[in-house]
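Chain A is the first sequence line, chain B the second, and so forth, proteins listed ahead of strands; every chain is numbered from 1.
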Number of protein chains: 4
Amino acid sequence: MQFKQGLPIYRQIADHMSEQILLGHWEDGERIPSVRELAVNLEVNPNTVIRAYGYLQEEEVIYNKRGIGYFAAEQAADKIRGIKRKEFVVLRLPEIFKTLELLGIDMDELGKLFQNYKLRKEAS
Amino acid sequence: MQFKQGLPIYRQIADHMSEQILLGHWEDGERIPSVRELAVNLEVNPNTVIRAYGYLQEEEVIYNKRGIGYFAAEQAADKIRGIKRKEFVVLRLPEIFKTLELLGIDMDELGKLFQNYKLRKEAS
Amino acid sequence: MQFKQGLPIYRQIADHMSEQILLGHWEDGERIPSVRELAVNLEVNPNTVIRAYGYLQEEEVIYNKRGIGYFAAEQAADKIRGIKRKEFVVLRLPEIFKTLELLGIDMDELGKLFQNYKLRKEAS
Amino acid sequence: MQFKQGLPIYRQIADHMSEQILLGHWEDGERIPSVRELAVNLEVNPNTVIRAYGYLQEEEVIYNKRGIGYFAAEQAADKIRGIKRKEFVVLRLPEIFKTLELLGIDMDELGKLFQNYKLRKEAS
DNA sequence: GTGGTCTAGACCACC
DNA sequence: GTGGTCTAGACCACA
């Protein structure tokens with residue numbers, strides 16, 4: 001896997017996993033890949049995965065059974081969506097709106113850019 | 001001034017200054033606050049302001065006259081708006097759109113949230 | 001059964017069983033649940049129960065008849081109480097007292113909290 | 001420094017530091033020892049201190065100024081006392097009371113043990 | 001100087 | 001097998 005810079009790898013892994021859960025790749029309570037397994041897949045150090053999993057565990061998105069592995073939390077998808085949504089609306093949207101205003105992008109134009117985005121996504 | 005974490009302070013200062021210029025706080029070619037002055041105001045180390053100014057200088061948003069000070073570039077506002085706009089559309093919008101889709105926020109809802117934002121801003 | 005983390009599951013099971021014995025759920029020398037039975041009830045691996053029973057056996061709180069099962073020891077309740085009491089006074093109380101002092105909880109207040117605890121317990 | 005086993009070293013360091021803050025060793029907002037400094041003092045790896053500090057930061061007991069160091073939070077002592085108190089009363093006291101009942105230790109006896117504890121402490 | 005991240009590798013307890 | 005902790009050491013960005 002390719003990692004961007006500017007955000008720690010462990011956070012990118014955490015984001016990636018919570019996105020996967022959000023998209024329903026695992027059922028509620030289903031076991032997710034073990035630390036070592038994921039570390040090999042992503043070609044990172046197990047410690048880095050542990051850190052990512054620890055982070056998700058604090059957010060109560062996954063939980064741990066000792067000696068067995070990590071599991072997607074009950075209603076993990078809904079919970080994540082709720083948390084992320086609130087976070088997004090409160091923390092990121094205001095700043096995004098401010099930028100839109102400063103740059104003179106209104107909702108009409110944003111809508112068109114969004115259409116564009118979706119078309120390009122379909123094409124790929 | 002309060003600084004977020006996750007973005008270097010010097011970048012936050014640079015963003016803040018270019019926002020001010022964008023909003024027309026200084027005419028083209030007008031002198032902007034000196035390094036020391038701004039450092040005192042923002043309660044940061046002068047080195048940090050120097051770095052911020054250096055960054056803005058690379059973006060050709062301000063320029064420096066040795067021994068005199070820093071000045072807003074000609075057509076600084078337009079230049080900034082152009083740069084920032086391209087940056088925003090190419091680098092940040094795709095990720096924002098992806099998040100919107102994941103969280104199930106469509107343009108309608110975003111429009112309403114934007115209205116809200118503007119109302120709250122007026123009120124304050 | 002729900003297990004806390006911070007203490008191994010097998011220890012939590014052992015504590016739970018010795019508490020049951022302390023409360024007189026089984027007479028001296030009475031047979032306690034088999035490993036498999038308990039494992040199913042608690043939804044844990046039989047190995048974990050074996051470990052818990054082994055631990056209790058070391059403390060001479062239960063004993064084993066090969067091929068038959070595990071039994072509460074003679075005067076098990078008294079024995080447990082003695083062991084636990086010493087353990088508690090020597091190992092845990094000092095730390096508890098230290099915490100009480102740091103938090104500014106005196107014996108008066110502790111007494112009231114204890115009353116509360118007993119009331120809530122009766123109510124449930 | 002001597003570390004017990006059963007609780008990770010980084011948690012013991014965190015507990016130790018928050019105890020120090022609770023006891024008023026640092027004023028509100030005063031700088032606490034740097035990661036490296038403390039690591040040398042305690043003869044542990046800097047990573048271990050970072051982890052302890054990260055833990056305290058999540059609890060909002062200390063905060064960080066990048067490139068400068070860690071600082072005791074405003075009203076850190078009161079905040080800690082509040083958090084710890086609630087934690088103690090809700091999470092630990094019920095279990096302690098349960099044990100006291102099981103072992104047949106009443107408030108009178110506990111009071112005497114407490115006196116003992118204080119005497120021994122003064123003597124040392 | 002400060003903290004933060006990552007890797008590598010060892011060791012442990014637990015299931 | 002599982003996760004968790006700790007060490008050692010390198011490297012980086014930031015103030």
Side-chain angles (χ1 to χ4, degrees), chain A residues 3 5-13 31-39 42-57 62-71, chain B residues 3 5-13 39 42-52 54-55, chain C residues 3 5-14 39 42-52 54-55, chain D residues 3 5-14 31-39 42-57 62-71:
Chain A
F3 295 104
Q5 69 173 29
L7 193 64
I9 293 180
Y10 83 92
R11 287 282 276 109
Q12 295 184 48
I13 294 175
R31 188 163 177 276
I32 65 174
S34 79
V35 169
R36 287 164 172 79
E37 201 177 335
L38 192 57
L42 302 180
E43 297 175 352
V44 295
N45 189 290
N47 280 327
T48 306
V49 176
I50 286 180
R51 224 171 151 179
Y53 276 11
Y55 179 80
L56 290 175
Q57 201 172 11
I62 62 178
Y63 66 91
N64 173 272
K65 289 190 195 166
R66 279 173 299 179
I68 305 182
Y70 279 94
F71 298 79
Chain B
F3 296 103
Q5 64 174 33
L7 194 65
I9 292 178
Y10 82 92
R11 287 280 276 111
Q12 295 185 49
I13 294 174
L42 302 180
E43 295 174 359
V44 296
N45 192 300
N47 283 325
T48 307
V49 176
I50 290 177
R51 215 162 162 180
Y55 179 81
Chain C
F3 295 103
Q5 63 176 33
L7 193 65
I9 293 178
Y10 83 92
R11 285 281 276 111
Q12 295 184 50
I13 294 174
L42 301 180
E43 296 175 357
V44 296
N45 192 301
N47 284 325
T48 308
V49 176
I50 289 177
R51 214 162 163 180
Y55 180 80
Chain D
F3 296 104
Q5 72 173 27
L7 194 65
I9 293 179
Y10 82 92
R11 288 280 278 109
Q12 294 184 49
I13 294 175
R31 188 163 178 275
I32 64 174
S34 78
V35 169
R36 286 164 173 80
E37 201 176 334
L38 191 57
L42 302 180
E43 297 176 350
V44 295
N45 188 291
N47 281 327
T48 306
V49 175
I50 285 180
R51 225 169 151 179
Y53 276 10
Y55 179 80
L56 289 176
Q57 200 172 12
I62 62 177
Y63 66 92
N64 173 272
K65 288 190 197 168
R66 280 174 298 181
I68 304 183
Y70 280 93
F71 298 79

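- The nearest whole Å value for the distance from the OH atom in A:Tyr10 to the P atom in E:dT7 is 13 Å.
- Under the 30°/60° scheme for interplanar angles, the aromatic rings of D:Tyr10 and D:Tyr55 are found to stand perpendicular.
- Contact record, C:Ala39 with C:Pro46: CB-CA, 3.8 Å, taken as the closest heavy-atom pair.
- For E:dG9, the base has a donor-acceptor partner in the side chain of A:Asn47 [N/O atoms by modelled type, under 3.5 angstrom].
- Between A:Pro46 and A:Gly67, the one whose closest nucleotide on DNA chain E sits nearer the 5' end is A:Pro46.
- A:Tyr63 OH to A:Gln57 CD: the interatomic distance, rounded to the nearest 0.5 Å, is 11.0 Å.
- The nucleotide whose nearest atom lies closest to any side-chain atom of A:Asn45 is, among E:dC14, F:dT5, E:dT7, E:dT7.
- In this structure, D:Arg11 places its CZ atom 14 Å from P of F:dG4, rounding to the nearest Å.
- A heavy-atom distance below 4.5 Å is found between the side chains of A:Ile13 and A:Phe3.
- Within the nucleic acid shown, A:Ile68 comes within 4.0 Å of sugar-phosphate atoms alone, with no base atom in reach, counting heavy atoms only.
- Look at CD1 on A:Ile13: it is 13 Å from P on E:dT5, rounded to the nearest Å.
- Closest-nucleotide positions on DNA chain F for B:Pro8 and D:Pro8 were compared, and the one nearer the 5' end corresponds to D:Pro8.
- For the atom pair CZ (A:Arg36) and CD1 (A:Ile50), the distance works out to 7.5 Å, reported to the nearest 0.5 Å.
- In this structure, the separation between CD1 on B:Ile9 and CG on B:Asn45 is 10.0 Å, given to the nearest 0.5 Å.
- Taking the side chain as every heavy atom from C-beta outward, D:Pro33 and D:Tyr53 approach each other to under 4.5 Å.
- When each of F:dT7, E:dT5, F:dG4 is scored by its nearest atom to the side-chain atoms of D:Thr48, the top-ranked nucleotide is F:dT7.
- Heavy atoms of D:Arg31 sit under 4.0 angstrom from primed sugar atoms or phosphate atoms, though from no base atom.
- For D:Leu42 and F:dC6, the CG to C1' distance is 14 Å, given to the nearest whole Å.
- From one end of the helix from E:dG1-F:dC14 to E:dC14-F:dG1 to the other, with five pairs defining each end axis, the axis direction shifts by 20° (rounded to 10°).
- Atom pair A:Ile32:CD1 and F:dG3:P shows a separation of 9 Å (rounding to whole Å applied).
- Taking only side-chain atoms of A:Arg51, from C-beta outward, the nucleotide of E:dT5, F:dT7, E:dC15 with the closest atom is E:dT5.
- Heavy-atom nearest nucleotides on DNA chain E were determined for A:Leu7 and for C:Leu7, and the one closer to the 5' end corresponds to A:Leu7.
- Residues passing the salt bridge (charged side-chain N to carboxylate O under 4.0 Å, His left out) test with B:Arg11 are B:Asp15, sequence neighbours excluded.
- Judged by atom type and distance alone, A:Arg36 does not reach the base of F:dG1 through any side-chain donor-acceptor pair under 3.5 Å.
- Among the protein residues, A:Tyr53 comes within range of no part of the nucleic acid, since none of its heavy atoms lies under 4.0 Å from any strand.
- Closest to the side chain of A:Ile9, from the set F:dT5, E:dG4, E:dC6, is E:dC6.
- Considering only side-chain N and O atoms, A:Ser34 lies under 4.0 angstrom from the phosphate OP1 or OP2 of F:dT2.
- As rounded to whole Å, 13 Å separates atom C1' of E:dC6 from atom CD of A:Gln12.
- Atoms CD1 (A:Ile50) and P (E:dC12) sit 16 Å apart, rounded to a whole Å.
- Taking only side-chain atoms of D:Tyr70, from C-beta outward, the nucleotide of E:dG4, E:dC6, F:dC14 with the closest atom is E:dG4.
- Computed from coordinates, the D:Gln57 CD to E:dG4 C1' distance equals 11 Å when rounded to whole Å.
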